[in-house]
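Note that the structure is a prediction, hence the values are computed from the model and not measured.
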Amino acid sequence: MYPKISESRIQAAIDDAQSAASFAYPWDSLELALKNKGQDSFWLVGYGSLLSLGSAARTIDTSDRAAREPAIVYGARRQYSYRFPAAFLKKRYNKTGNFAALDSKATYKREDRFNGILTRIFLEDIPAFREREFAYDLKPVPAFRWNAPQEPYRIAYTLDCPASGPSEHHPFTADSHPLPEYHKICRDGAENVSIDFLQYFLDSTYLGDGRTSIQRWERESGFLQANFKQP
């Protein structure tokens, strides 16, 4: 069962988030902003490979103090519009080609929403996290707890790769296809939360055009046949 939150409460939360600070990559002022507020961390909603505990643990603290828990974000859309850098693609996956990772677009529209893992990112982890999330801006969004949506929401951050960047190597793309190996990591991370959480992940994920559902791509690309036994 999906969380139920009133539209008026969603709109109020989105309005609140829009008043919070954004940080353009490489987030030069992030650490100072946190220190000036006496904070040792910020809240982030991981919506792609950070859904996977194993993948997240390569870069950030995933111990109990990180307080990882499932959440739902409003005012942003999840889509495959971050082109994998060629060198990374070759090193990590031993592949070449035009493949995409997940991205989010902060639209601040009520109809745009996705689920993810709400987690704290600590000051000492920011340098490695900055390197991992190259070219993504940090945009504030409201995050409601998946298992307790009636509780107060948090203003958290989502990773948003802008459509224009500093060079021709900027990774935003609207026409790359998902990398199957990466998609399975994200999909498995969602399924490890619950079947409902996985279904919401599938219902709220799109290709880079922001319209074609990931479920259609799974069927038509052969991903399902390649990764799951058919009845």
Side-chain angles (χ1 to χ4, degrees), residues 25 44-60 62 70 73 76-106 112 114-117 119 128-139 158-193 197-230:
Y25 191 84
L44 179 104
V45 177
Y47 54 75
S49 60
L50 292 174
L51 291 167
S52 163
L53 183 64
S55 179
R58 289 201 297 266
T59 312
I60 59 175
T62 57
V73 162
R77 183 178 64 249
R78 173 170 47 205
Q79 59 187 49
Y80 270 99
S81 53
Y82 181 97
R83 186 178 61 254
F84 274 107
F88 176 85
L89 193 63
K90 182 66 175 177
K91 180 179 179 181
R92 176 63 60 83
Y93 297 102
N94 195 30
K95 276 199 167 185
T96 59
N98 187 19
F99 292 104
L102 281 168
D103 182 16
S104 75
K105 299 290 110 190
D112 290 330
F114 62 79
N115 56 348
I117 294 294
T119 187
F129 190 64
R130 179 183 284 120
E131 183 178 353
R132 172 178 176 146
E133 306 298 351
F134 171 76
Y136 284 104
D137 294 343
L138 290 170
K139 295 292 185 69
T158 186
L159 294 159
D160 180 329
C161 184
S164 60
S167 75
E168 64 185 33
H169 302 295
H170 190 69
F172 180 83
T173 179
D175 59 1
S176 300
H177 285 187
L179 179 69
E181 295 91 334
Y182 167 88
H183 179 64
K184 190 164 191 309
I185 290 171
C186 304
R187 197 184 199 280
D188 289 349
E191 187 173 14
N192 284 338
V193 176
F197 197 80
L198 169 61
Q199 190 57 55
Y200 201 97
F201 171 83
L202 296 172
D203 289 343
S204 60
T205 303
Y206 300 89
L207 298 189
D209 60 10
R211 298 183 302 274
T212 304
S213 75
I214 197 62
Q215 294 180 86
R216 176 179 172 181
W217 173 83
E218 285 190 346
R219 292 192 305 269
E220 295 181 355
S221 69
F223 174 85
L224 290 177
Q225 296 90 325
N227 289 278
F228 303 97
K229 292 181 179 180
Q230 301 301 303

Just by distance, do the side chain of R78 and the backbone of N115 share a donor-acceptor pair under 3.5 Å?
yes
Within the 4.5 Å heavy-atom criterion, are F129 and L159 side-chain neighbours or not?
yes
What are the two closest heavy atoms between P162 and A135, and how far apart are they?
CD-O, 3.5 Å
If you look at every heavy atom in G48 and L102, which pair is closest and at what distance?
CA-CD1, 3.8 Å
Inter-residue atom distance T212.OG1 - H177.NE2, 0.5 Å rounding
8.5 Å
Considering residues, nucleotides and ligands other than R58, do more than 12 of their heavy atoms fall under 6.0 Å from its CZ?
yes
Heavy-atom count check: over 12 atoms from other residues, nucleotides or ligands less than 6.0 Å from E220 CD?
yes
Do T173 and Y80 have side chains that approach each other closer than 4.5 Å (heavy atoms only, starting at C-beta)?
no
In Å, rounded to the nearest 0.5 Å, how long is the span from CG of D103 to OG of S176?
11.5 Å
Find out whether I60 and L50 are in side-chain contact, i.e. whether some heavy atom of one side chain is under 4.5 Å from a heavy atom of the other.
yes
Spacing of OG1 belonging to T158 relative to CZ belonging to R77, to within rounding of 0.5 Å
11.5 Å
In this structure, CZ of F223 is separated from CZ of F228 (nearest 0.5 Å) by 5.0 Å
Compare every heavy atom of L202 with every heavy atom of Q215, then report the nearest pair and how far apart it is.
NE2-O, 3.5 Å
Using modelled atom types and a 3.5 Å cut-off, is there a donor and acceptor pairing between side-chain atoms of D160 and backbone atoms of K139?
no
Is it the case that the side chains of R132 and S49 hold a donor-acceptor pair, with the cut-off being a distance below 3.5 Å and no angle test?
yes
Who are the ring pair (Phe, Tyr, Trp, His ring centres under 6.0 Å) partners of Y206, not counting sequence neighbours?
none
Decide ring pair (Phe, Tyr, Trp, His ring centres under 6.0 Å) for Y182 and F84; before the verdict, give the C-alpha distance in whole Å, the side-chain angles of both, and the deciding distance to 0.1 Å.
CA-CA 10 Å; Y182 167 88; F84 274 107; 5.5 Å; yes
What I'd like to find out is whether the side chain of L51 reaches to under 4.5 Å of the side chain of F197, using heavy atoms alone.
yes
The reported gap from CZ in F172 to OG in S164 (rounded to nearest 0.5 angstrom) is 9.5 Å
Out of curiosity, T205 OG1 to H183 NE2, how far, rounded to the nearest 0.5 Å?
7.5 Å
Does the separation of the ring centres of Y136 and Y82 fall below 6.0 angstrom?
yes
On a heavy-atom basis, the closest approach of Y93 and F88 is CE1-CE2, 4.0 Å
State, to 0.1 Å, how close L89 and G97 come at their nearest heavy-atom pair, and which atoms those are.
CD2-O, 3.6 Å
Can you find a side-chain donor-acceptor pair between D209 and Q79 that sits under 3.5 Å?
no
Taking only residues at least two apart or on different chains, which pairs with a member in residues 86-98 satisfy salt bridge (Lys or Arg N to Asp or Glu O under 4.0 Å)?
K95-E181
